[in-house]
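Bear in mind the structure is a predicted one, so any value in this text is a computation, not a measurement. Below, each value reflects all heavy atoms present in this structure, side chains not excepted, and no hydrogens, waters or symmetry copies.
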Amino acid sequence: MATTEHPPSRLRGWMLQGLSDMGKRGGLTGPHAEPEPPHRGQRWWRVMCLTGVDYFSTLGYQPGIAALAAGLLSPLATIVLVVVTLAGALPVYRRVAQESPHGQGSIAMLERLLSFWKGKLFVLTLLGFAATDFLITITLSAADASTHLVENPHLTGTLGGHQMLITLILVALLGAVFLKGFLEAMGVAVALVGIYLTLNLVVVITGLWHVLTAEHVVTDWANALTVQHGSVFAMIGVALIVFPKLALGLSGFETGVAVMPHVQGDPGDTEEHPAGRIRDTKKLLTTAAVIMSCFLITTSFITTLLIPAAEFKPGGQANGRALAFLAHEYLGNGFGTVYDVSTIAILWFAGASAMAGLLNLMPRYLPRYGMAPHWARAVRPMVIVFILIAFLVTWLFDANVDKQGGAYATGVLVLISSAAIAVTIAARKAGQRGWTIGFGVISAVFLYTTVANVIERPDGVKIGACFIAGIMLVSLLSRLARSFELRVTSVAMDPMAERFVRDMASRKIRFIANEPDNRDRAEYRDKIEQIRTDNDMPEQEDFVFVEVTVADPSEFETCLTVRGEVLHNRYRVLTVESSSIPNALAALLLHVRDLTGRTPHIFFEWTEGNPFANFLRFFLFGQGEVAPVTREVLREAEPDRARRPRVHTG
């Protein structure tokens with residue numbers, strides 16, 4: 001029935017645009033929705049640039065954070081980080097790409113290993129850390145972009161003291177772009193990454209030239225290291241202990257897997273066997289890791305040797321912008337300003353990539369679990385939620401890069417550790433003993449790194465715990481609120497089941513809900529007698545039994561396959577597997593009504609026990625107070641009482 005739309009309805013329609021498209025192509029909306037046909041993807045090096053706006057942009061603040069954390073040992077600690085990257089994170093995510101070629105990442109790998117509620121709760125926990133990673137990427141990148149603006153010699157007099165406001169404006173601008181509609185611009189990513197890496201290469205070459213031509217710089221650094229730490233072995237030991245503080249340099253691998261659906265692959269690739277996509281994604285991950293490793297080592301070397309230690313500290317000119325400091329110092333304010341603009345652009349785009357990751361990640365899991373409000377399937381309401389949270393995080397951390405580093409590193413490390421554990425289990429299941437041992441060692445390294453980072457900087461766990469608690473609370477409340485939804489997506493009946501239904505359609509359609517026990521002749525005979533007695537029905541009335549077996553009660557949506565069988569040469573039985581008995585029964589009744597045009601009746605016994613305890617059994621295990629819940633599901637699914645299937649309880 002047509003209705004006249006008022007302005008609020010138009011606003012609501014705009015906010016929920018795309019909601020009806022959910023469930024197509026894997027149920028994703030937003031910037032990271034899978035491209036339609038695989039052949040429309042992009043060459044792997046172009047997709048690498050999309051990953052690179054997140055990964056490579058960390059050069060804007062990583063050298064300064066490394067110098068603060070490791071001091072004179074920053075280059076040595078960075079070498080340890082590079083070894084962990086190339087020998088640890090890279091092999092892990094190459095395996096993740098192989099095991100999860102559609103962009104689901106390590107979370108989906110672990111989800112497949114765990115079932116029931118423990119699997120759901122584990123995924124929600126990982127989603128909390130993933131949200132920490134992506135949201136802190138947004139706020140930290142915006143904070144560092146504002147640092148580059150405020151510290152620019154041409155702007156420091158005008159913008160000095162307004163870093164918080166500038167950061168909030170950048171975050172708000174990011175939200176405005178997504179509210180209008182953000183399309184991933186691969187060309188923009190390629191241009192930004194190309195320009196940014198070229199400018200960084202110029203700064204690195206200039207810095208190395210000054211280090212090599214001023215011999216005392218290297219000598220002074222080596223002497224200072226010897227005075228502080230004594231032997232080389234002591235230096236290596238301290239570097240091994242300190243390197244977890246540099247974990248920001250490991251970011252980008254999860255994003256690299258998330259963008260897999262955009263990799264073109266080979267013409268012969270299929271969604272079931274995308275061999276070319278997997279191969280090219282491995283090239284993407286390897287190339288990005290090698291490029292970043294070279295920059296990490298060289299930038300930590302030149303910044304440590306050429307910048308006074310005091311400048312790295314809060315309030316110093318190199319704090320959060322070490323390479324920009326060198327660009328201004330050795331190449332002039334003109335080049336330095338160009339470098340600042342490039343850094344600001346790629347940092348802002350890194351925030352856009354993180355927002356896109358959030359909008360891809362949450363709809364992938366929460367709606368499927370029934371653990372998100374209906375509007376969470378749409379992009380714009382989620383953008384508003386994420387931007388408001390980003391405002392809060394920015395305010396709590398004073399728009400300070402150093403203060404957010406711990407939270408960011410924790411999110412990154414938890415995801416990498418979970419990926420390492422996932423591929424270890426996958427290798428063990430595949431019977432690959434060598435890979436199992438190798439990935440097991442890598443998992444231990446990342447778990448150590450994560451624990452060390454948490455002990456040193458507990459802010460990450462605190463923020464992650466807040467996100468986890470928020471996601472858990474909202475998810476469980478949403479699941480509770482949506483308990484009585486009809487959660488069956490389709491009903492299919494085998495020929496025998498259809499025959500039973502069409503045979504009854506000539507008379508009254510009467511079902512008996514039966515909880516299968518022994519399934520012997522006496523069970524069905526006694527059940528019919530009880531139903532007839534309770535409902536005062538004549539002897540000649542015939543029935544068909546319906547038996548629902550609960551598979552995984554933590555699943556929210558399910559497809560029903562109804563099978564018919566005749567037991568003991570007399571009793572007709574329909575059997576169904578589902579995550580919830582009431583939802584399965586309601587869906588079957590509605591399907592039978594639509595199939596026959598007749599109103600079906602179903603008969604129940606009252607369930608013994610406390611009603612509240614029975615409701616909890618229904619909520620957690622899909623069983624419990626079946627009769628009233630079936631009736632409530634039917635009431636919500638069919639508002640017209642005249643067309644609603646009848647529920648009888650005795």
Check: residues 413-420 side-chain donor-acceptor pairs under 3.5 Å, at least two apart:
| unit_1 | atom_1 | unit_2 | atom_2 | d |
| --- | --- | --- | --- | --- |
| Ser417 | OG | Leu413 | O | 2.8 |
| Ser417 | OG | Phe446 | O | 3.3 |
| Ser417 | OG | Thr450 | OG1 | 3.0 |
| Ser418 | OG | Val414 | O | 3.3 |
| Ser418 | OG | Leu415 | O | 2.7 |

Determine yes or no for a side-chain-to-main-chain donor-acceptor pair under 3.5 angstrom, with Arg644 supplying the side chain and Pro639 the backbone. yes
Is Thr281 close to Val257 at the side-chain level, that is, under 4.5 Å between some pair of heavy atoms? no
Arg519: partners by side chain to side chain donor-acceptor pair (under 3.5 Å), with sequence neighbours left out: Tyr524, Glu547, Glu565
Between the side chains of Arg277 and Asp266, is the shortest nitrogen-to-carboxylate-oxygen separation below 4.0 Å, so that they form an ion pair? no
Would you call Arg572 and Asp503 a side-chain contact if the rule is heavy atoms closer than 4.5 Å? yes
Within the structure provided, determine whether Leu634 and Arg631 are in side-chain contact (heavy-atom separation under 4.5 Å). no
Quick note, side chain to side chain donor-acceptor pair (under 3.5 Å) partners involving residues 433-446, not counting sequence neighbours, are Thr424-Ser443
Within-4.5 Å side-chain heavy-atom neighbours: Phe511 and Leu585: no
Take atom NE2 of His568 as the centre, draw a 6.0 Å sphere, and report whether it contains more than 12 heavy atoms from other residues, nucleotides or ligands. yes
Quick check on Asn569: does its CG atom have over 12 non-hydrogen neighbours (other residues, nucleotides or ligands) under 6.0 Å away? no
Val96 side chain reached by Val423 side chain, heavy atoms, under 4.5 Å: yes
